[in-house]
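Working notes, structure below.
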Amino acid sequence: MSWALHPLSEEQSEVQKLAREFAAAEIAPHAAAWDQDAHFEPSLVTKLGELGFLGMMLPEEYEGLGVDTGTYLIALEEIAAADASAAVLMSVHNSLPTQMILRYGSDEQKDRFLKKMARGELLGAFALSEPDAGSDASALATQAVKDGETWVLNGTKSWVTNGNTAGVVLVMARTDKPDARRGGRGIGAFIVTPDLPGYNIGKKEDKMGLRASPTVQLTFDNMRVPAANLLGDPTQGFVYAMQSLDNGRLGIAAQAIGIARAALEHSVAYAGERKQFGHAIKEFEGIQFKLADMATRIAGSRALLHAAAAAKDRGESVRQFSSMAKLMASETAMWVTTQAVQIFGGYGYVKEYPVERLFRDAKVTEIYEGTSEIQRIVIARALYGQS
Ligand code: COS
């Protein structure tokens, strides 16, 4: 079911078809088992790279597809509708580390990393949060100290998607004095590779949902990062990270819409087959109204998301629109999957049917890349003209 209100260009239709066929053949048949086993499938990275889906918004000179944000989000929705874990791999990689290097990296850094990232030879990760710095991200404590031609990093990063499989991690660390613990200004962004001595992969989280997407802690123990791997200005890494999260949040919104759409499609099919009181349950108004509300909220979320993406591609600041799109889409995903479980009744509560997984997967979209509360803060600040 595609109820996009915005007209799709020829390129967008092609990308949508490619993503849908790939997801149906290579992802959807495995999604339940990967979830059950918390299995990360490495061949997925290779295949997504071959399709060009790991360099979607990178220019062709870096072997990217060079598509606009809307086209990227269309592909992401298709992947998410099959498996939200596969979608977050793709969203984090495309929206955060590749875009950070493209936007703020030197030519040398772009040459060194972007082609390999587009091909899927290097999977990207983004390390901002810490055990004591989640929503309050600028309170991060990982310290970077310059020593000759290297920066020495010490600290712990939490909730790193792709963290145990990544070949390149964008790490935000404090470059000002260790006692200056607050504020976004004295933070740098570093391009870190797992071969650096002192790079340690910590515990893998045992999560409620997105179980096929590994989330780990990373610890840096006197890790020496070459000065050539500092991204841009050593004091602006937090601003770079925040600007990148404006992109990231659009990706999470597309992921949430994909989850919600899958829940709606399963619910429509089930309500057509399931008979109670001598009728298919789709004939009952109580079910019809649920399905209608689900479809309406999804269409509204998608329309807002693609309007925000178009504004971004026109070069406008989308900080609050990106937060609005993520807020609306993630709350839609949670609400729609809750209705889906209800429509399935007891069958919605067991793993035999997919809505149980969709319900669990939806929850994190209200949490990561900024909780719903943080999105509301960003939106409310914009209403008062604050940054
Ligand atoms: N784009 C560009 N710059 C931004 C920005 C954005 N979207 N958001 C903030 N900034 C800049 C500010 O302009 C400010 O720059 P100056 O120091 O030059 O004035 C700097 O970043 C610090 O911003 P601010 O003072 O607003 O920082 P706060 O500590 O108040 O934090 C919030 C702002 C709460 C919005 C931020 O910490 C946040 O988004 N938290 C959630 C973090 C998150 O999403 N984590 C998920 C990580 S991935 S799992």
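Throughout, numbering of the chain's residues begins at 1 and tracks the sequence. Numbering of ligands and ligand atoms starts at 1, following listing order.
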Candidate with minimal heavy-atom separation from [atom], of [options]:
atom                    : options                        : result
atom 20 (C) of ligand 1 : Trp159, Phe126, Phe238         : Phe238
atom 36 (C) of ligand 1 : Glu369, Met242, Lys157         : Met242
atom 24 (P) of ligand 1 : Arg381, Gln375, Met172, Gln236 : Arg381

**OP:** Please determine, by modelled atom types, if Asn200 and Asp221 share a side-chain donor-acceptor pair under 3.5 angstrom.
**Re:** no
Subject >> Backbone N/O of Glu130 and side chain of Gln217: donor-acceptor pair under 3.5 Å >> reply: no
Could you see which bit of [X] sits under 4.0 Å from ligand 1, with heavy atoms only: side chain, backbone, both or neither?
X      : answer
Thr371 : neither
Arg249 : side chain
Arg319 : side chain
Ser135 : backbone
Val378 : side chain

Charged N to carboxylate O below 4.0 Å: is that the case for [X] and [Y]?
X      : Y      : answer
Arg211 : Asp37  : no
Glu149 : Arg224 : no
Arg376 : Glu331 : yes
Lys110 : Glu108 : no

Original post:
Would you say ligand 1 has an N or O under 3.5 Å from any N or O of Leu128?
Top reply: no
Subject >> N/O separation below 3.5 Å, Asp246 to ligand 1 >> reply: yes
Original post:
Between Phe190 and Trp151, does the ring centroid distance fall short of 6.0 Å?
Top reply: yes
Where ligand 1 meets [X] - atom numbers and elements under 4.0 angstrom, heavy-atom basis:
X      : answer
Ser129 : 47 (C)
Gln243 : 1 (N), 2 (C)
Ala137 : 37 (O), 42 (C)
Ser138 : 29 (O)

Original post:
So, does Ile377 sit close enough to ligand 1 that a heavy atom of it is under 4.0 Å from the ligand?
Top reply: no
**OP:** Name the orientation class of the two ring planes belonging to Phe220 and Tyr199 (parallel below 30°, tilted from 30 to 60°, perpendicular beyond 60°).
**Re:** tilted
Original post:
Do Glu63 and Lys115 pass the salt bridge (Lys or Arg N to Asp or Glu O under 4.0 Å) test, and can you show the C-alpha distance, the side-chain angles, and the key distance before you say yes or no?
Top reply: CA-CA 6 Å; Glu63 299 183 21; Lys115 285 183 191 162; 5.0 Å; no
**OP:** Identify the two heavy atoms, one from Val355 and one from Ala340, that lie closest to each other, and give their separation to 0.1 Å.
**Re:** CG1-CB, 3.9 Å
